[in-house]
Structure formats: C-alpha cells, structure tokens
Amino acid sequence: MGATSIGDQDVTASLPDQRGRYGDYGGRFAPETLMPALLELEDVFNEAWTDPSFVHEYRRLLADYVGRPTPIFEAANLSRDLGIRLLLKREDLNHTGAHKINNTIGHGLLAKRMGKPRIIAETGAGQHGVASATAASLLNLECDVFMGTKDIERQALNVYRMELLGTRVVPVSSGAGTLKDAVSEAMRYWVSTVETTHYMIGSVVGPHPFPLIVREFQKVIGEELLSQMAGGQPDVVVACVGGGSNAMGVFYPLIDTGIELIGVEAGGLGTNTPSHGASLSLGSPGVLHGSHTYMLQDEEGQVLEAHSVSAGLDYPGVGPEHAYFKDAGLVRYETATDAEALAAFALLSRREGIIPALESAHALAWIVRGADSLAGKTVVLNLSGRGDKDVQQVAALGI
C-alpha cells in the first residue's frame with residue numbers, strides 16, 4: 001500500500017488542496033454568514049501551526065497535562081488466544097480517558113489566539129465533551145456542549161463530568177437525539193455567536209478547515225507509533241471509525257509505510273441495510289454538515305438515522321479524507337456488529353484487565369473475527385478510549 005502519487009509527488013501529503021478538497025471530497029459547504037469565520041480559522045491555524053511558540057506550548061501540554069506519549073502494550077493473553085501478536089496503542093491512558101483531548105487542547109489554544117473567550121462543542125459518547133470541558137477549564141474559557149437527549153441518557157456519567165468541570169450541557173431533542181443532531185444544533189448556534197465563540201469540533205468532519213485541523217492535532221498518535229515501533233513495524237493497524245478522528249490520527253502518518261490499514265465501522269444489528277453507522281461500507285457520496293463525503297441517505301438524498309450500541313459511532317457520515325482513502329484504496333473499511341463489539345468489550349476486560357470503550361471494541365471485534373487470516377502477524381489496535389462511560393449501559397444489557 002502506498003500513497004497515490006503523480007510522478008515523484010506524494011499527492012496524499014499535499015491534501016487538502018486550496019479548496020479544502022481531498023480528491024472529490026471535502027470542501028466548504030456552509031452559509032455565507034459562516035464563511036468569514038471559516039476563512040479566519042484557516043488563516044489562524046496555518047499561522048499557528050508554523051509558529052514554534054504555539055507548537056511548543058501544544059506539545060508541552062500534551063506531555064505534561066495529557067500524559068503523552070501513550071504506551072504500546074503487548075496483549076500477551078489475547079495474542080496467545082488469537083495466534084497473532086496483538087499490540088494496543090493506549091490512547092485510553094490519556095487524561096480524560098480518550099484520544100479526544102489531543103484535539104481539544106489544540107483547539108483551545110487556537111481560541112485563545114483568536115481572542116475568543118467562549119467555545120462550543122458537540123458530543124455523542126461524551127468523550128469529546130469531557131475533553132472540551134477539560135480544555136476549557138484549563139485555559140479559562142467558557143464552554144457549552146451540545147448533546148442529544150438519547151446520548152445524555154446513555155452517557156450520564158460523562159454528563160456529570162462535564163458539569164463538574166464547569167461546562168453547560170445543552171440537550172438536543174431534534175431528530176433521533178444523537179450525535180448528528182448535536183452537530184447540527186452546534187453549527188446553527190455557532191452562526192449566531194461566531195464573533196465571540198469558537199467551535200471546537202470533535203472529529204475530522206465539517207467544512208474546511210475543520211477536517212485538516214483535527215487531523216493535524218490527532219496525527220501525534222501515528223507519529224508516536226512509528227517511533228515506538230522502530231524495532232520493526234507492524235503488519236496491520238486497526239482503528240474504529242465513526243466520524244474518524246482516532247483512525248485518521250493513527251492512519252495518516254502510516255499511509256506510505258506499507259502497513260495494512262483497517263478502519264472498522266459500526267455494523268449495528270448486522271442487517272445489511274444503512275441503518276447503522278457504516279457510512280463508508282453502505283453509504284454514498286453526499287453533503288453532510290458542510291462537507292462532501294460518504295453518508296447514509298435515501299434515494300432522495302435525505303439523511304438516514306444511524307444506529308450503534310456505541311454512542312460515538314452512530315454518526316451517518318464520515319470525514320472526507322476517509323472517503324478519499326477508501327476510493328484510493330489506501331485504507332480498507334470493514335464493519336463489526338453490536339453483538340460482536342459487546343463480546344469484544346467483555347473479552348478484553350477479562351483477558352487483559354483493560355475495559356475498552358465500545359467504540360474501540362468494534363475494532364477489536366474485527367480482529368477477533370479475522371484472527372485466522374491474521375495468524376502470525378503483528379497487529380496494532382488503536383485503543384481510542386476507556387470504557388468507564390459504557391459500563392452501566394453494558395451492564396443493563398446483561399453482558
């Protein structure tokens with residue numbers, strides 16, 4: 001596997017282009033009232049990301065506050081069970097318990113640089129909401145987090161954590177009351193408050209420059225992995241995909257390495273219909289939340305509701321760079337069902353003493369299902385978050 005290239009030029013490394021496009025995907029489909037803010041954000045980010053003082057402060061906080069680098073752990077018990085060498089990239093050991101804080105620390109520093117005292121964010125599983133609230137508290141910013149009513153019920157622990165950190169959780173009851181609706185409401189609110197408010201988006205989605213910014217803040221995962229595997233690179237790297245930030249963070253630095261990259265989407269109940277979060281597997285190109293990408297939609301282009309036992313994967317779209325990776329054959333995208341993810345959740349807990357987020361359990365489920373074809377290989381699972389937030393929900397299901 002290698003990046004798409006023209007002559008000696010690595011096309012992937014130059015994306016997005018000046019229009020915010022990753023091949024046919026991406027772009028900036030947004031109201032005219034939002035264009036000045038998006039252009040300002042693009043300029044500020046480009047300036048900041050080449051400013052040594054900004055980068056130094058970002059990296060200092062990742063080390064001293066977040067706790068990076070996160071370790072690589074060899075899951076010896078599961079390795080013996082499955083007949084592979086299974087390594088876990090422990091993003092669950094970050095402060096707040098997931099990869100999301102890599103992004104919110106960066107966005108918080110951008111908000112300070114722009115002189116905006118207030119941030120808003122959306123959340124599904126609550127991990128991005130908690131990470132946003134944490135960054136806001138650290139950097140003395142006001143914070144509102146939009147969250148679907150269904151997810152508020154599923155993720156009561158994270159709601160309390162956000163409120164404890166001084167953040168206001170805004171319930172969103174429109175639609176299915178899940179992540180898609182929270183994103184829509186946050187974007188609507190941002191339009192009316194853009195002069196004083198920065199939108200701390202949580203994944204590689206939305207209009208340009210958001211997918212680029214989130215990718216750049218998350219690629220520390222893959223960069224660390226490459227340095228940690230200096231003694232011999234893995235054969236396969238696997239990550240769960242909802243909007244796609246943890247997967248993009250680990251995949252992007254590995255595109256040219258020859259490592260097989262597998263993204264695992266939510267297969268829901270296992271019915272072969274677009275009634276779950278498998279946008280890349282069963283969706284089609286369309287425009288969602290300001291970006292042209294793969295999404296779940298009906299014949300008339302209406303967005304279909306996504307389902308997953310994991311609140312972080314029931315999003316009916318995916319980041320545009322993932323859409324590009326799919327079409328270019330740079331990453332292979334698979335699915336895992338709710339039942340498989342729940343079984344993997346229990347398996348990692350019992351065999352290694354690590355309770356994973358239900359999102360990460362989808363990626364492990366694919367590894368378990370495909371263990372025979374992976375025999376003898378070194379496989380890295382990007383363990384995007386810990387499962388404290390999901391224990392009550394899983395217990396209620398009798399697992």
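Just so it is clear, the values below take in all heavy atoms, side chains as well, and ignore hydrogens, waters and symmetry mates.
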Once side-chain hydrogen bond (donor to acceptor under 3.5 Å, both in side chains) is applied, do any residues pair with Thr293, and if so which ones, sequence neighbours excluded?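 If we apply the side-chain hydrogen bond (donor to acceptor under 3.5 Å, both in side chains) test to Thr293, skipping adjacent residues, there are no hits.
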Give a yes or no on this: more than 12 heavy atoms of other residues, nucleotides or ligands lie within 6.0 Å of atom [atom1] of [X].
X      : atom1 : answer
Ile355 : CD1   : no
Arg59  : CZ    : no
Glu40  : CD    : yes

Side-chain heavy atoms of [X] within contact of [Y], under 4.5 Å:
X      : Y      : value
Ile201 : Glu122 : yes
Val55  : Trp49  : yes
Asp81  : Leu78  : yes

Only one of Tyr315, Phe29, Phe210 clears ring pair (Phe, Tyr, Trp, His ring centres under 6.0 Å) with His289; which?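 That would be Tyr315.
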Run the side-chain hydrogen bond (donor to acceptor under 3.5 Å, both in side chains) test on Thr104 and Ser132 for me, step by step, so that the C-alpha distance in whole Å, both residues' side-chain angles and the decisive distance to 0.1 Å come before the verdict. CA-CA 5 Å; Thr104 62; Ser132 297; 5.4 Å; no
Are the ring centres of Phe146 and Tyr199 closer than 6.0 Å?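 No, too far apart.
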Exactly one of Gln218, His208, His107 should register a side-chain contact (heavy atoms from CB on, under 4.5 Å) with Ile213. Which one does? His107
Using the side-chain contact (heavy atoms from CB on, under 4.5 Å) rule, pick out the option among Leu110, Asp51, Leu109 that qualifies with Tyr58. Leu109
Carboxylate-amine/guanidinium contact Glu42 Arg28, below 4.0 Å: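 Answer for the salt bridge query: yes.
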What I want to find out is whether Lys180 reaches Glu305 closely enough, with some N-O distance under 4.0 Å, to be called a salt bridge.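 Salt bridge flag = yes for Glu305 with Lys180.
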So, Glu352 side chain and Asn77 main chain: donor-acceptor pair closer than 3.5 Å or not? yes
